[in-house]
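Numbers here simply count residues along the sequence, with the first being 1.
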Amino acid sequence: MLLGRGKELEYLNQYYLQDENRMIVLYGQKGIGVTGLTDSFVKGKNAVSLYACPSGPRQSSYLWTKELEAQGISFSEEYPDFETLFYTIMEQRALRASGKLIICIHQFQNLVRTDVSLLTALSAVMREERYRNSVMIILAGNAIGYVENSMISQLGPLALQISAFVKLKPLRFLDLVCFFDSSNTRKCMNIYSITGGNPGYWGYFNM
């Protein structure tokens with residue numbers, strides 16, 4: 001169950017329903033619910049989710065092609081560059097299915113902070129006329145310092161392709177009460193005083 005993220009979920013849906021292609025950076029501290037929000041958002045939609053490992057563009061492309069082939073997307077190359085990889089995804093998923101395609105890159109900072117080729121490829125896809133109004137890209141991650149302090153300057157003109165930055169804030173005390181479905185206010189207060197509004201820690205406690 002997704003708790004306390006109705007506003008952020010609606011925000012993503014608003015961008016999804018817009019006619020133009022959009023790129024959103026969704027970020028927050030580890031355990032705050034970035035993955036849970038993206039999973040809820042893409043449920044029932046035409047979506048591809050990929051996880052970025054700190055392994056460099058060539059190795060990442062190879063791993064992603066294997067993962068995508070298991071989902072029915074075929075590639076003519078074993079080591080396609082990112083641009084070829086995303087064009088292939090668009091041709092086989094966006095143009096052959098109904099609804100805008102959502103491409104979600106989890107822990108995107110593992111690749112982007114050392115190499116901009118991923119963002120270069122995604123930007124090319126967004127500008128491609130035949131893919132107009134066909135894709136929404138979500139860059140999801142937990143590197144708050146990178147996103148807020150150095151990402152824009154590192155990307156340079158590529159940063160202009162980013163439509164919005166969405167930072168997940170800690171959840172409220174009432175969200176914790178709903179999480180445990182408990183009327184034991186004192187115990188809930190004790191847990192919240194220890195964990196704050198990070199639901200990633202709540203599961204370690206029993207009521």
Side-chain angles (χ1 to χ4, degrees), residues 1-18 21-55 60 63-64 67-68 71 82 86 89 100-116 118-119 121-123 126 135-152 154-155 158-159 161-176 178-180 191-192 194-205:
M1 181 173 64
L2 186 68
L3 285 173
R5 297 301 182 199
K7 181 178 179 181
E8 292 87 349
L9 188 60
E10 177 60 27
Y11 193 72
L12 293 176
N13 274 309
Q14 288 177 5
Y15 274 101
Y16 174 76
L17 293 172
Q18 292 176 0
N21 295 335
R22 298 293 185 183
M23 183 186 295
I24 310 296
V25 175
L26 178 67
Y27 70 106
Q29 68 183 100
K30 187 176 181 179
I32 205 70
V34 173
T35 301
L37 177 58
T38 55
D39 287 348
S40 294
F41 172 62
V42 304
K43 187 176 182 180
K45 298 183 176 72
N46 182 22
V48 170
S49 293
L50 300 167
Y51 289 81
C53 299
S55 53
S60 295
L63 294 173
W64 284 354
E67 182 178 346
L68 291 165
Q71 301 176 34
F82 283 138
F86 288 113
I89 294 173
K100 184 180 289 186
L101 175 66
I102 301 169
I103 299 176
C104 185
I105 311 293
H106 294 276
Q107 300 305 329
F108 75 97
Q109 71 278 351
N110 286 334
L111 283 173
V112 175
R113 65 168 23 136
T114 58
D115 189 296
V116 299
L118 175 63
L119 265 294
L122 291 171
S123 297
M126 291 178 64
V135 63
M136 177 178 178
I137 297 164
I138 300 177
L139 303 177
N142 303 123
I144 297 176
Y146 167 68
V147 172
E148 296 183 345
N149 299 322
S150 58
M151 181 176 175
I152 296 296
Q154 179 206 359
L155 295 181
L158 286 172
Q161 299 297 318
I162 298 173
S163 304
F165 289 83
V166 181
K167 182 179 182 179
L168 294 193
K169 298 179 180 180
L171 294 178
R172 304 170 303 164
F173 172 72
L174 289 177
D175 296 317
L176 181 141
C178 292
F179 177 85
F180 287 108
I191 294 174
Y192 198 79
I194 297 171
T195 65
N198 190 322
Y201 298 120
W202 296 352
Y204 292 101
F205 292 83

- When you look at Phe165 and Ile152, which way does the side chain to side chain contact (heavy atoms under 4.5 Å, CB included) test go after all the steps? CA-CA 11 Å; Phe165 289 83; Ile152 296 296; 3.5 Å; yes
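- Stacking of Arg113 on the aromatic ring of Tyr146 is recorded, both the 6.0 Å distance cut-off and the 45° axial limit being met.
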- Query: Can Leu139 and Leu119 be said to form a side chain to side chain contact (heavy atoms under 4.5 Å, CB included), step by step?
  - Reply: CA-CA 10 Å; Leu139 303 177; Leu119 265 294; 4.0 Å; yes
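- For the atom pair OH of Tyr192 and CZ of Phe180, the computed distance is 12.5 Å after rounding to the nearest 0.5 Å.
- Interatomic distance, Tyr11 OH to Arg5 CZ, rounded to the nearest 0.5 Å: 15.0 Å.
- At a threshold of 4.5 Å between non-hydrogen side-chain atoms, the residues Leu118 and Ile105 count as touching.
- With values rounded to the nearest 0.5 angstrom, Asn46 atom CG is found 13.5 Å from Met136 atom CE.
- The one candidate from Ile137, Val147, Leu26, Leu50 that meets the side chain to side chain contact (heavy atoms under 4.5 Å, CB included) condition with Phe108 is Val147.
- Listed here is the closest heavy atom pair of Cys53 and Ser60: O-OG, 3.6 Å.
- You'll find the side chain of Leu122 stays beyond 4.5 Å of the side chain of Gln161, heavy atoms only.
- Shown here is Tyr201, whose OH atom has no more than 12 heavy atoms of other residues, nucleotides or ligands within 6.0 Å.
- No side-chain heavy atom of Thr38 sits under 4.5 Å from any side-chain heavy atom of Leu12.
- Considering only heavy atoms from C-beta on, Ile144 comes within 4.5 Å of Lys167 through its side chain.
- Distance check, rounded to the nearest 0.5 Å: CG of Asn21 to OH of Tyr15 gives 13.5 Å.
- No donor-acceptor pair closer than 3.5 Å links the side chain of Asn110 to the backbone N or O of Ser55.
- Contact check for Trp202 versus Asp175: side-chain heavy atoms found under the 4.5 Å cut-off.
- A cation-pi arrangement is present between Lys45 and Phe41, with the terminal nitrogen or guanidinium carbon under 6.0 Å from the aromatic centre and inside a 45° cone about the axis.
- In terms of modelled atom types and a separation under 3.5 Å, the side chain of Asn13 and the main chain of Leu9 share a donor-acceptor contact.
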- Item | Test side chain to side chain contact (heavy atoms under 4.5 Å, CB included) applied to Val116 and Gln154, step by step | CA-CA 8 Å; Val116 299; Gln154 179 206 359; 4.0 Å; yes
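- Between the side chains of Tyr27 and Glu148, at least one donor N or O lies within less than 3.5 Å of an accepting N or O.
- The shortest side-chain heavy-atom distance between Leu176 and Leu171 does not fall under the 4.5 Å cut-off.
- Asp39 places none of its side-chain heavy atoms less than 4.5 Å from the side chain of Leu2.
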- Kindly indicate, with the supporting measurements, whether the criterion side chain to side chain contact (heavy atoms under 4.5 Å, CB included) is fulfilled by Tyr204 and Thr195. CA-CA 10 Å; Tyr204 292 101; Thr195 65; over 6 Å; no
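- Asn142 is listed as a side-chain neighbour of Gln107, based on a closest heavy-atom distance under 4.5 Å.
- In this structure, the separation between NZ on Lys100 and CG on Leu17 is 7.5 Å, given to the nearest 0.5 Å.
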